[in-house]
Amino acid sequence: MAELPFRDRKDAGARLAEVLATMQIEPGAVVLGLPRGGIPVGYEIARGLNLQLDFLNIRKLGVPWQPEVAMGAVGEDGIPHLDSDLVRSLAITSEQIKRVRDRELNVIRERKKGYRGYAPTADLQARQVILVDDGIATGATMDLAIEMVRNAGARSLILAIPAGPEGTTEKYGDMVDHCICLQGPADFNYVGQFYRNFDAVTDEEVCELLRASFQALNRGAS
């Protein structure tokens, strides 16, 4: 089998950090990772560039009978952002949407309770933001993440991802100030195909990385 691009999420984050180091990144920029897979990637970027690491609490809304297919996404405000064409074509009912949303909101609330003690909420107003995940498939959660960051008043927004479908850079290049996508082949099937190790990230790992990043940044500031 041909050598895969990334050993693991840590390797992917380190490679993104190398690219970002060649750009004009502001000292006060903040790295926002999408839980859970985006946190190990974001940690390496924050560590490499000595930046604050935080998380954006978003969940994909999966089609009720095929959860891996995104019909939208939801954040802490509980408002579902839906792919209306997909919802209409599949005749997904409002009650089905509500059930999926409520289930994902429970996860969001648990993550907020579990993670927030390790990463104080970053104020994004007038700051440069680096938005990170371990890859993009449908883009449902990333689309909402970009909207949330813009609404929070970020001055500029860089999207940094290891892998996505062909055309990812062009699509998001119109939505953010700069888009970095290290792998965007025509034969994209799923994010995990780009990693030798794509084991699930646990809540415990997320908390440890958030804690380590916060402590390292504070040591550097003292």
Side-chain angles (χ1 to χ4, degrees), residues 4-58 60 73 75 119 122 124 126-185 188 190-195 197-198 201 205-206 209-210 212-214 216-217:
L4 294 177
F6 311 115
R7 291 191 303 274
D8 50 23
R9 293 178 180 88
K10 178 179 179 180
D11 179 42
R15 297 197 199 190
L16 284 169
E18 289 177 0
V19 176
L20 288 160
T22 67
M23 300 170 57
Q24 291 185 328
I25 305 300
E26 300 170 7
V30 58
V31 179
L32 280 184
L34 300 191
R36 288 180 293 198
I39 302 301
V41 181
Y43 174 81
E44 292 301 321
I45 294 172
R47 185 178 69 85
L49 302 180
N50 194 32
L51 300 175
Q52 180 181 359
L53 174 65
D54 196 3
F55 65 94
L56 205 55
N57 208 357
I58 296 177
K60 178 180 75 175
L124 306 185
R127 293 177 74 179
Q128 186 179 54
V129 173
I130 303 171
L131 189 57
V132 181
D133 205 353
D134 55 9
I136 288 178
T138 64
T141 52
M142 189 57 73
D143 291 353
L144 176 56
I146 290 169
E147 181 179 332
M148 290 173 64
V149 171
R150 291 297 194 193
N151 289 342
R155 190 186 60 75
S156 67
L157 176 56
I158 298 171
L159 176 59
I161 54 170
E166 185 179 31
T168 293
T169 301
E170 290 75 18
K171 173 188 173 180
Y172 288 101
D174 293 333
M175 299 170 64
V176 301
D177 296 288
H178 195 89
C179 177
I180 302 167
C181 181
L182 300 181
Q183 297 286 328
F188 179 96
Y190 58 97
V191 172
Q193 77 186 72
F194 298 93
Y195 292 84
N197 179 347
F198 198 64
V201 179
E205 288 174 301
V206 169
L209 291 172
L210 292 173
S213 184
F214 181 68
L217 196 64

Phe198-Phe6 aromatic ring centre distance below 6.0 Å: no
Looking only at atom types and distance, does a side-chain atom of [X] sit under 3.5 Å from a main-chain N or O of [Y], one as donor and one as acceptor?
X	Y	result
Asp54	Ala122	yes
Arg7	Tyr195	no
Ser213	Leu210	no
Glu44	Val41	no
Asp134	Arg9	no

Give the minimum heavy-atom separation between [X] and [Y], together with the two atoms involved.
X	Y	result
Pro185	Gly164	CD-O, 3.8 Å
Ala140	Ala73	O-CB, 3.7 Å
Phe194	Ala163	CD1-CB, 3.5 Å
Pro35	Gly33	CD-O, 3.5 Å
Val132	Gly42	CG1-N, 3.8 Å
Val191	Ala137	CG2-N, 4.3 Å

Side chain to side chain contact (heavy atoms under 4.5 Å, CB included) partners for Glu170, two or more places apart: none
Side chain to side chain contact (heavy atoms under 4.5 Å, CB included) against Ala29, all qualifying residues, sequence neighbours excluded: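 Ala29 satisfies side chain to side chain contact (heavy atoms under 4.5 Å, CB included) with Ile25, Leu51, Gln128 once adjacent residues are dropped.
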Sub-4.5 Å side-chain heavy-atom contact between [X] and [Y]:
X	Y	result
Ile161	Gln183	no
Cys181	Tyr172	no
Pro162	Leu16	yes
Asp143	Lys171	yes

Measuring from atom [atom1] of [X] to atom [atom2] of [Y], what distance do you get when rounded to the nearest 0.5 angstrom?
X	Y	atom1	atom2	answer
Ile58	Met148	CD1	CE	4.5 Å
Thr22	Ile180	OG1	CD1	7.5 Å
Leu157	His178	CG	NE2	11.5 Å
Leu56	Ile39	CG	CD1	9.5 Å
Ile158	Leu32	CD1	CG	12.0 Å
Asp174	Thr169	CG	OG1	11.0 Å

Full working for side chain to side chain contact (heavy atoms under 4.5 Å, CB included) between Leu20 and Ile45: CA-CA 8 Å; Leu20 288 160; Ile45 294 172; 3.6 Å; yes
Whether over 12 other heavy atoms sit under 6.0 Å from Lys10 NZ: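 Atom NZ in Lys10 is not packed in, count stays at 12 or less.
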Pair Arg127, Gln52: side-chain N/O donor-acceptor within cut-off below 3.5 Å: yes
Ile130/Val30 under side chain to side chain contact (heavy atoms under 4.5 Å, CB included): CA gap, chis, key distance, verdict: CA-CA 6 Å; Ile130 303 171; Val30 58; over 6 Å; no
Among Ile136, Leu144, Asp133, the one residue meeting side chain to side chain contact (heavy atoms under 4.5 Å, CB included) with Leu34: Asp133
Test side chain to side chain contact (heavy atoms under 4.5 Å, CB included) applied to Val129 and Val31, step by step: CA-CA 6 Å; Val129 173; Val31 179; over 6 Å; no
Working for side chain to side chain contact (heavy atoms under 4.5 Å, CB included), residues Met142 and Leu131: CA-CA 9 Å; Met142 189 57 73; Leu131 189 57; 3.5 Å; yes
Check against salt bridge (charged side-chain N to carboxylate O under 4.0 Å, His left out), Arg150 and Asp177: CA-CA 11 Å; Arg150 291 297 194 193; Asp177 296 288; 3.3 Å; yes
